[in-house]
Every structure is written in C-alpha cells, then in structure tokens.
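The next block holds one structure in the form of structure tokens; read it before the comments.
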Amino acid sequence: MNSKLHTEKVALPGGEKNMSDLGDLLRKAREQRGYTLDDIQEYTKIRKRYLEAIESGDYKVLPGSFYVRAFVKTYAETVGLDAEEVLRLYHKELPQPPSIETIIADPKIKPRRRSVQHNDRWGKAAVSMLMWAFPILIIAVIYVYWTNNKEPDARELNSKPPISTESATVSPSDEIPSMTPSETAPPSPSESSVTLTFREKKGNVNYYDVTPAEGHQLKLDVTGKVWFEVRENNRNGKTRLSKSTTKPEVFTFDLDMPLYVNVGRTDQVTFYVDDATFDDGNSAGSSKYIFTPIAEQPQ
C-alpha cells in the first residue's frame with residue numbers, strides 16, 4: 001500500500017447514474033487513499049470477491065439484497081466517503097430488500113397440502129397454527145437481522161456508560177508522593193486538570209467538549225495498521241495531517257481550536273487529551289470525532 005495518500009475528497013457526482021457509477025466512485029476513492037482490495041478486505045472483513053462485485057456493479061454475486069447496502073455503506077466509510085450521502089444518491093441502483101408485507105403475502109416456503117377430512121378438527125387447528133406462526137417467524141427474523149446490523153459505532157456508543165456525569169479527570173497533584181520537611185521541593189506552578197465530556201452524536205460524528213479551553217494537546221496512540229486524518233474545525237477544514245501507518249506511533253496536535261478526526265480502524269487507535277482518555281468502543285470499523293475546547297463558565 002502506498003505510504004503517501006492523496007488527501008483530496010472524491011466529489012459525489014450528481015445527475016443520472018449508470019449501474020457501474022457507484023463502483024467507479026468507490027474504486028477511485030480507494031485508489032486515492034492508496035488502498036488495495038486486500039486492504040479493504042482486512043479493514044472491513046468483507047470478502048474480496050464481494051468487494052470486486054460492488055466495484056463492477058455485479059450485485060448478484062453478493063449473498064442477498066440485505067447485505068448490499070450494508071457492504072456499500074461500510075466500504076464508503078472506510079475510504080473516507082459520506083456513507084449516508086452515497087446511499088441516498090445511488091439508492092435506485094442498489095437492490096432493494098423485500099418489504100415485510102411482500103414476504104408475508106408471498107412466503108418462499110408454502111405448507112404442503114394435507115389430505116385431511118373436513119371433519120378433522122385437530123388437522124384444521126394444526127394448519128391454522130402453522131399459517132399464523134410462519135409470518136410471525138419471518139417478522140422476528142427480520143427484526144433480529146436489522147437489530148444486529150445497525151451501524152457499529154452507534155451501538156457501541158449507546159452501550160457505554162455516560163461520560164458526561166463521570167468526566168475523565170487527571171490531576172498532576174495525585175501523582176506527587178509525600179515528602180519529609182528536609183525533602184520539600186521548591187513550589188512549582190500549578191497544573192490544571194482536563195475534563196473530557198461527551199456532548200452528542202450527530203449523524204456519524206461524536207462530539208466531545210474539552211475544559212478548560214487552553215493549553216491542551218490531542219494525542220493519537222496508534223498501535224497497528226491504520227489510516228487517519230485530522231482537520232481544523234470540521235470535515236471540510238484545513239488538513240493538519242492525513243496519514244497511513246503500519247507500525248505503532250504517537251501523534252500529537254495542539255488543541256487550540258476544534259479538531260475533526262476521521263479514523264479508518266478505531267481498534268488500532270487510543271485517543272488522549274493530555275492524559276485523559278475515554279472508551280471509544282474499540283470497533284474494527286471507522287469512527288469520526290470532533291474535540292472542541294470549551295471555556296469554563298464562572299461560578
């Protein structure tokens with residue numbers, strides 16, 4: 001994989017789309033990031049032959065229409081595209097999953113005819129129960145499927161304990177051992193603690209407030225193969241760094257303004273503001289954050 005990546009965004013085209021336009025868009029975004037299909041397979045855990053089918057527009061290769069949108073969404077996020085916008089623009093070209101009404105009205109498995117007499121009450125009752133149980137089973141399977149295939153970072157974020165009530169605070173004074181009068185050190189300037197508070201999740205971006213506002217650094221502790229970018233203010237702001245790395249490294253950025261962070265593999269990165277951190281869910285997928293310095297309100 002190329003070590004130097006292009007940082008320009010791939011513009012999502014407007015107007016009419018051909019069946020291959022979505023695949024061309026994803027392939028161009030992948031190539032601009034310097035990724036191969038093997039890299040995407042490793043990041044997303046989607047089989048390479050399915051990725052090739054998406055790029056060529058041959059959706060019949062995929063295991064079912066339910067998987068097409070999920071695979072396209074994960075692919076788009078991994079190469080730095082807005083997945084929701086991609087799905088909106090190309091929704092007519094993607095196979096649509098059958099509605100619940102269609103499944104119930106035309107079940108794939110039909111009960112076989114039974115040679116029972118009309119006066120056989122137990123036979124009629126068994127057939128009636130089967131006809132009612134089958135649609136209920138189909139609805140239950142669809143519900144479980146959609147519940148388990150929601151966006152990973154949203155499920156993980158909802159499962160975390162609220163950070164806002166138990167803020168991560170690290171004070172240097174907690175690390176100072178007691179000393180005898182003869183060992184007393186000269187006084188040093190006091191160091192302020194930092195508080196990292198989760199504010200909200202808007203779209204697919206997690207917002208964190210950092211207080212007090214001045215004098216902090218954002219640190220990314222990278223432990224493995226990952227691509228990430230850091231921009232000023234938001235996803236369209238000036239790029240501070242866009243990088244792909246395969247070895248453990250630590251990157252620091254002055255938190256003198258809001259910083260937007262897009263990470264291709266959340267499980268390969270630990271976030272710190274000074275020494276404070278938080279539970280990012282350790283997801284194998286991509287995640288997006290905005291860290292905003294906030295001035296403390298006077299008491």
Side-chain angles (χ1 to χ4, degrees), residues 4-12 14 25 29 32-34 73 76-89 151-154 156-157 160 163-164 167-169 192-222 226-245 249-266 268-281 283 285-298:
K4 184 175 181 182
L5 302 180
H6 299 287
T7 59
E8 60 180 341
K9 289 283 186 179
V10 176
L12 297 179
L25 174 67
Q32 286 188 3
R33 296 293 182 191
K73 183 175 183 178
E77 287 181 345
T78 304
V79 296
L81 296 175
D82 188 325
E84 297 298 336
E85 184 68 8
V86 169
L87 293 177
R88 185 185 69 80
L89 288 175
E151 187 174 354
D153 55 357
E156 290 153 4
L157 183 63
K160 300 175 188 175
I163 300 178
S164 57
S167 301
T169 304
S192 61
S193 62
V194 57
T195 300
L196 185 60
T197 305
F198 173 73
R199 173 157 42 97
E200 62 177 337
K201 180 181 180 66
K202 185 182 295 184
N204 56 0
V205 180
N206 301 288
Y207 290 80
Y208 284 86
D209 293 338
V210 179
T211 55
E214 297 85 11
H216 303 298
Q217 283 191 327
L218 174 65
K219 181 170 69 174
L220 274 62
D221 187 356
V222 177
V226 68
W227 169 87
F228 70 89
E229 65 175 354
V230 178
R231 293 176 176 266
E232 296 179 353
N233 296 310
N234 53 50
R235 69 178 64 188
N236 298 318
K238 179 182 177 181
T239 301
R240 289 220 180 161
L241 180 62
S242 178
K243 186 174 181 64
S244 176
T245 182
E249 293 185 75
V250 176
F251 302 89
T252 58
F253 307 89
D254 291 332
L255 198 58
D256 50 4
M257 63 174 64
L259 293 183
Y260 168 83
V261 183
N262 182 7
V263 177
R265 286 284 300 271
T266 311
Q268 300 289 0
V269 180
T270 302
F271 299 87
Y272 294 91
V273 175
D274 295 345
D275 291 325
T277 187
F278 62 95
D279 181 10
D280 59 12
S283 169
S286 64
S287 299
K288 300 175 179 62
Y289 304 88
I290 291 183
F291 299 91
T292 304
I294 301 293
E296 291 183 314
Q297 298 296 324

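Sequence positions, counted from 1, serve as the residue numbers for this chain.
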Over all heavy atoms of both residues, which pair between [X] and [Y] is shortest? Give the atoms and the distance, please.
X	Y	result
V205	Y289	CG1-C, 4.1 Å
E77	N204	OE2-ND2, 4.4 Å
F271	T277	O-OG1, 2.5 Å
G80	N262	CA-ND2, 4.2 Å
S286	T266	C-OG1, 3.8 Å
S193	P212	O-CD, 3.2 Å

Would a 4.5 Å heavy-atom cut-off, applied to side chains only, mark [X] and [Y] as touching?
X	Y	answer
K73	L87	yes
T252	L218	no
R240	L259	yes
K243	F251	yes

Could you pull out all residues at least two apart from P258 that satisfy side-chain contact (heavy atoms from CB on, under 4.5 Å)? N233, I290, T292, P293
Residues at least two apart in sequence or cross-chain that pass side-chain contact (heavy atoms from CB on, under 4.5 Å) with K202, listed by chain then number, are E200, Y207
With respect to V269, which candidate in V263, V261, D221 satisfies the side chain to side chain contact (heavy atoms under 4.5 Å, CB included) definition? V263
What's the spacing between [X] [atom1] and [Y] [atom2] if we round to 0.5 Å?
X	Y	atom1	atom2	answer
T239	Y260	OG1	OH	10.5 Å
L220	E249	CG	CD	11.5 Å
I294	D209	CD1	CG	4.5 Å
E232	D256	CD	CG	7.5 Å
L81	L25	CG	CG	5.5 Å
K288	N234	NZ	CG	13.5 Å

Is there a donor-acceptor pair closer than 3.5 Å between any side-chain N or O of [X] and the backbone N or O of [Y]?
X	Y	answer
R231	K238	no
D274	A276	no
R199	Y208	no

Give the intermediate values and the outcome of side-chain contact (heavy atoms from CB on, under 4.5 Å) for residues E85 and L89. CA-CA 6 Å; E85 184 68 8; L89 288 175; 4.0 Å; yes
Considering residues at least two apart in sequence or located in another chain, which fulfil the ring-ring contact (aromatic ring centres under 6.0 Å, His included) criterion with F253? none
Under the side-chain contact (heavy atoms from CB on, under 4.5 Å) rule, what do L241 and F228 come out as? Steps first, then yes or no, please. CA-CA 8 Å; L241 180 62; F228 70 89; 3.9 Å; yes
Does the pair F291 and L255 meet the rule for a side-chain contact (heavy atoms from CB on, under 4.5 Å), with working shown? CA-CA 8 Å; F291 299 91; L255 198 58; 4.2 Å; yes
